[in-house]
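Working notes for the structure below.
Both ligands and their constituent atoms are indexed starting at 1 by order of listing. Here, residue 1 is the first one in the sequence, and each next residue gets the next number. Computation of the quantities below employed the complete heavy-atom set of this structure, encompassing side-chain atoms and omitting hydrogens, waters and symmetry-equivalent molecules. Quick caveat, the model's predicted, so the values are computed rather than measured.
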Amino acid sequence: MSAQIGVTGLAVMGANLARNLARNGYTVALHNRSVEKTDALLDKHGDEGDFVRTETLQELVDSLEKPRRVLIMVKAGAPVDSVIDQLEPLLEPGDIVIDAGNSHYEDTRRREAALAKKDLHFVGVGVSGGEEGALLGPSIMPGGSRESYDSLGPMLEKISAKYNGEPCCRWVGTDGAGHFVKMVHNGIEYADMQVIGEAYDVLRTAAGIEPAEQAKIFTDWNTGTLSSFLIEITAEVLAHTDARTGKPFVDVVVDSAGQKGTGRWTVVSALELGSPTSGIAESVFARGLSSQRGQRELAQEILQGHEGSVDLPEDFVEDVRLALYASKLVSYAQGIDMLTAAAGEYGWELKLDEIASLWRAGCIIRAELLDDIMKAYAAEEKPANLLLAPAFAESIAGAVPAWRRVVAAAVQLGIPVPVFSSSLAYYDGLRRKRLPAALTQGLRDLFGAHTYNRVDADGTFHTLWGEDRSEVEAVDTH
Ligand code: 6PG
């Protein structure tokens, strides 16, 4: 029996994707560096579909129908290159190698270009939804050549999550586009979690609402515009009581957030693209600060807060909900802005409505909001920024008074709200008629003759600061 797809790397994500494929009627060849994992999968789940057991990559390749499809699910970085190096001599022109891990999109671009020279397709696929998603239906963001998608797409669409029956899988663009889109998804995931954390902290510290009570609030929020997977599981985590101590679970967990790197990659890439992704950046920095335990302990002793007191408005909980909503919207707007910048830089034809549609189910940032985001970009007139889409311009404007109150209260009480506040600064920065960037330009011209443009004339100018301060027209060489 020849298999329609092979999976190598059978840790949880690989094993669950293989099972998902088999459950959907595909014959799946299995391979793992140590055969024990393959056998364990077959022992436990071999009856879920048709699997072909292989012990070597050669056997895996030999078991596949042509053109071959080999899905790699190993740790991002050097392990992916190592598997590719072993596979490549065993494959034939037209075969497809799929990397479904969280690889960096630049690695994917490099690998795609190298394999294309050998007439092999390399497809970097973003997969979101964690272990459960991989098994039951993830959101899938494939890149690579359009041609490879013709062969691979139907399988991926079949195993993907569905939103109202529509598969959350679509070809997003050439070479590293799939992994880029997944990276931005993760950046938004970081910001989404950080704003939830800020809402929790403000509700607890400013309003004294304990975790169990907050769980009910988050459950309630999950029925409105904030409805999303992350809000739903926040209620679950906040409601959980630690069995050992009887304390709220959230109080026994060390407050240092880990990170595997995709959030950081998003920010590095945003900086390179010149895209102002402040909410995502602040959420990565917030994890970094949380992990500086030594400095934090010393600072608790040394640094004074001079906190003031605040009369909270009667419906402070609603204020916090609106601040959370507005900040979340800004994070999405910034992530999407970054996608636009990357499309220009890398020549990808990213369709923003389609990308938003992929995130409506299966992935970690799945949210009701994404259906509206999809509709905003499906409109004939595409918004230059998500916040400028009429529906969102209106809903965020409605949240602004509450958003300002929450940020002001948090600042007054010494509660750090880096994403609430930076998102508000972004919103104000975007809508401000005059920014102090004019002064920055003046300073740059004074100390470095970096030149400036005028509001009332075309051309590039320089003031002779060290001479008579007259203005000359300049050729902008900077
Ligand atoms: C997903 C997740 C998944 C993982 C990230 C984030 O979409 O299924 O994003 O890929 O949770 O790698 O991990 P860190 O928080 O450890 O960076």
Would you mind checking which non-hydrogen protein atom is closest to [atom], with the distance to 0.1 Å?
atom	value
atom 15 (O) of ligand 1	R287 NH1, 2.9 Å
atom 17 (O) of ligand 1	Y190 OH, 2.5 Å
atom 2 (C) of ligand 1	E189 OE1, 3.3 Å
atom 13 (O) of ligand 1	K260 NZ, 3.5 Å

Could you check whether [Y] and [X], counting side-chain N and O atoms only, form a donor-acceptor pair closer than 3.5 Å?
X	Y	value
W265	N186	no
S103	D99	yes
H185	S128	yes

Is any N or O atom of N102, backbone or side chain, closer than 3.5 Å to an N or O atom of ligand 1?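 The answer is yes, given that N102 and ligand 1 share an N or O pair closer than 3.5 Å.
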Contact check: G130 vs ligand 1, nitrogen or oxygen atoms, below 3.5 angstrom: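 Checking ligand 1 against G130, an N or O pair does fall under 3.5 Å apart.
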Starting from the C-alpha separation in whole Å, work towards a yes-or-no answer on salt bridge (charged side-chain N to carboxylate O under 4.0 Å, His left out) for R293 and D255. CA-CA 9 Å; R293 291 176 57 74; D255 58 347; 3.4 Å; yes
As an exercise, identify every atom of ligand 1 less than 4.0 angstrom from a heavy atom of [X].
X	answer
S128	1 (C), 7 (O), 8 (O)
H185	7 (O)
I364	1 (C), 2 (C), 7 (O), 8 (O)
Q259	16 (O), 17 (O)
N186	5 (C), 6 (C), 7 (O), 9 (O), 10 (O), 12 (O)

Passing candidate, salt bridge (Lys or Arg N to Asp or Glu O under 4.0 Å) with R19, options E131, E132, E48: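 Single pass found, and it is E48.
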When you measure from the heavy atoms of [X] to every atom of ligand 1, does any distance fall below 4.0 Å?
X	result
G263	no
M141	no
C363	no

Take a 6.0 Å sphere around [atom1] of [X] and say whether it holds more than 12 heavy atoms from other residues, nucleotides or ligands.
X	atom1	result
E236	CD	no
E318	CD	yes
R146	CZ	yes

Out of A76, G129, P138, G187, who gets a non-hydrogen atom closest to atom 8 (O) of ligand 1?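 Considering heavy atoms of A76, G129, P138, G187, the nearest to atom 8 (O) of ligand 1 sits in G129.
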Can you confirm if the aromatic rings of Y346 and Y105 lie within a centre distance of less than 6.0 Å?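 Distance test on ring centres: under 6.0 Å, yes.
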Y325 and W403 aromatic centres sub-6.0 Å: no
